[in-house]
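Here is the structure we will look at, set down as structure tokens.
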There are 2 protein chains.
Amino acid sequence: MLRMTEHANEKTMLTKNERLILESLSQAETPQSAYDLLDSVRDQGIRAPAQVYRALSGLMSKHLIHRIDSSNTYLCCQKPSHEHPNAICLAICDECQQVTELDGVRIGDQLEEYAKASGFESKLTSVELRGLCAKCH
Amino acid sequence: MLRMTEHANEKTMLTKNERLILESLSQAETPQSAYDLLDSVRDQGIRAPAQVYRALSGLMSKHLIHRIDSSNTYLCCQKPSHEHPNAICLAICDECQQVTELDGVRIGDQLEEYAKASGFESKLTSVELRGLCAKCH
DNA sequence: ACGAGGTGTGTTATGTTATAACAAATTTAT
DNA sequence: ATAAATTTGTTATAACATAACACACCTCGT
């Protein structure tokens, strides 16, 4: 029942469409929208938004990509795949669009601490910093 | 040139549509989508999305409301209007949808600190914690 | 009073992001 | 072999957001 199509370990076990999208995303210089990705994989047989969104959804579950909520875009996870922090922290340059992933464990623990003071039990937090990266400022 | 329609101080100087939307939002129990708000002010003469989005945009500039990026919804700012922290921190209950606004100054300073280590100059950061509030967990 | 410039409004149309629903194909389990 | 589960392809539509333009209104300088 858990056996799958791929001859690979669980972590990198991707469907064909997931592989296509991940490949495309990893070659992009900046975060991509779902429709950007659709355009870039059209010549590989993917024709409909649903196909892209399914792949994105699968890749997110596998912690291989992140979604940037403030711009409706997606990018590859930059951290080792075995880390699944309780917070995703992205520093996004408003000038060049480069993204740096900060230490989600440390920041997540800190935020959890703060939230607990209000009796809030946090499960998954997202931090998006907007500003200028080292190169651009 | 700075003189305006309203007889009120700068901070609370709102247009008619901004007042309608803010009023509607302040009576809502939970964060509302733009189209939720449109429905709730239809009987007050507002008919088109653009009118709502313009009002929301104005209210955001005046720091009277926040947008929750992870759910495309809006809510009233809970903090005193004179505080304009560099980070907006919202703890959102996945069960009851209640939102608690955490200390954006303290958290923002902390995050700025972390980001600076990567040479990143942050201007505006958004933090969204998902989990369970005190009542629900 | 007049008209120029600014701001707010109403309206139509359209752009962008995302999901529902279902049938066909493929893979896996028995 | 065949039943069960998963992945895929496809069409249609939902949900979120903005562009563009005309008009009303106010205020400021003349």
Side-chain angles (χ1 to χ4, degrees), chain A residues 1-8 10 12-25 28 30-62 64-75 128, chain B residues 1-8 10 12-25 28 30-62 64-75 128:
Chain A
M1 187 219 257
L2 228 216
R3 192 82 40 84
M4 297 213 189
T5 305
E6 315 290 321
H7 299 274
E10 254 190 63
T12 56
M13 206 157 40
L14 303 180
T15 70
K16 179 161 72 93
N17 289 352
E18 284 171 357
R19 250 182 283 113
L20 285 173
I21 292 296
L22 183 60
E23 176 67 12
S24 175
L25 202 49
T30 57
Q32 302 285 296
S33 77
Y35 283 78
D36 288 342
L37 289 166
L38 176 54
D39 285 342
S40 68
V41 295
R42 230 179 254 289
D43 60 358
Q44 289 158 85
I46 292 193
R47 299 177 198 192
Q51 294 173 281
V52 174
Y53 281 102
R54 276 197 293 238
L56 288 170
S57 170
L59 292 166
M60 302 244 286
S61 310
K62 288 160 188 153
L64 294 173
I65 66 173
H66 300 303
R67 178 174 199 276
I68 302 180
D69 286 333
S70 54
S71 56
N72 302 324
T73 55
Y74 303 82
L75 83 161
E128 296 180 16
Chain B
M1 186 220 260
L2 229 214
R3 195 80 38 83
M4 297 215 190
T5 304
E6 315 291 324
H7 300 273
E10 255 190 63
T12 56
M13 207 158 39
L14 303 180
T15 70
K16 178 161 72 94
N17 288 353
E18 284 170 358
R19 251 182 283 114
L20 285 173
I21 293 296
L22 184 59
E23 176 67 12
S24 176
L25 202 49
T30 56
Q32 301 286 295
S33 78
Y35 282 78
D36 289 342
L37 289 167
L38 177 54
D39 284 344
S40 67
V41 294
R42 231 180 252 287
D43 58 0
Q44 288 158 86
I46 291 193
R47 300 180 197 188
Q51 297 174 278
V52 175
Y53 282 103
R54 275 197 293 239
L56 288 171
S57 171
L59 292 167
M60 301 245 286
S61 309
K62 289 159 186 151
L64 293 173
I65 66 172
H66 300 303
R67 177 175 201 276
I68 301 180
D69 286 334
S70 55
S71 57
N72 302 326
T73 55
Y74 302 83
L75 82 160
E128 295 180 15

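What you see below is based on every heavy atom in this structure, not just the backbone, and it leaves out hydrogens, waters and symmetry mates. Just so it is clear: chains get the letters A, B, ... in the order the sequence lines come, proteins before strands, and each one is counted from 1. Since we're looking at a predicted model, the values are computed, not measured.
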> For A:Asp36 and C:dT17, what is the distance between atoms CG and C1' respectively, to the nearest whole Å?
Replying inline: 11 Å
>> Counting only side-chain nitrogens and oxygens, does B:Thr15 get under 4.0 Å of the OP1 or OP2 atom of C:dT9?
In response: yes
> Ring of A:Tyr53 versus six-membered ring of C:dT19: centres under 5.5 Å and planes under 30°?
Replying inline: no
> What is the distance from atom CG of B:Leu37 to atom CD1 of B:Ile21, rounded to the nearest 0.5 Å?
Replying inline: 5.0 Å
>> Donor-acceptor check, side chain of B:Glu18 to backbone of B:Thr15, threshold 3.5 angstrom: yes or no?
In response: yes
> Rounded to whole angstrom units, what separation is found between the CD atom of B:Gln44 and the P atom of C:dG10?
Replying inline: 12 Å
>> Stacking between C:dT17 and A:Tyr35, yes or no? Criterion: centroid separation under 5.5 angstrom, plane angle under 30 degrees.
In response: yes
> Which listed nucleotide (D:dT18, C:dT17, D:dC16) is nearest to the side chain of B:Pro49?
Replying inline: D:dT18
>> I want to check one thing: is the phosphate of D:dG9, taken as OP1 and OP2, less than 4.0 Å away from some side-chain N or O of A:Asn17?
In response: yes
>> Rounding to an integer number of Å, can you tell me how far A:Ile21 CD1 sits from D:dT8 C1'?
In response: 13 Å
> Taking for each residue the nucleotide of DNA chain D bearing the nearest heavy atom, is the 5' side occupied by A:Gly45 or by B:Ala50?
Replying inline: A:Gly45
> Is the distance from OP1 or OP2 of C:dG10 to the nearest side-chain N or O of B:Gln51 less than 4.0 Å?
Replying inline: yes
> Can you check the B:Tyr74 OH to D:dA15 P distance for me, whole Å?
Replying inline: 16 Å
>> In this structure, how many angstroms lie between the P atom of C:dG8 and the CD atom of B:Glu18, rounded?
In response: 7 Å
>> Output the rounded distance in Å from CG (B:Asp69) to C1' (C:dT16).
In response: 16 Å
> Whole Å only: how far is the CG atom of B:Leu56 from the P atom of C:dG8?
Replying inline: 15 Å
> How is A:Arg54 classified with respect to the nucleic acid when contacts are heavy atoms under 4.0 Å: base, sugar-phosphate, or nothing?
Replying inline: base
>> Quick check: closest heavy atoms across A:Leu38 and A:Arg47, and the distance to 0.1 Å?
In response: CD1-C, 3.9 Å
> Rounded to whole angstrom units, what separation is found between the CG atom of A:Leu38 and the P atom of D:dT10?
Replying inline: 12 Å
> Do the side-chain N and O atoms of B:Ser24 and B:Ser40 include a donor-acceptor pair separated by under 3.5 angstrom?
Replying inline: yes
> For the residue pair B:Leu56 and B:Ala34, what are the closest heavy atoms and their distance?
Replying inline: CD1-CB, 3.9 Å
> Starting at the 5' end of DNA chain C and moving along, which residue's nearest nucleotide shows up first, B:Asn72 or B:Ala48?
Replying inline: B:Ala48
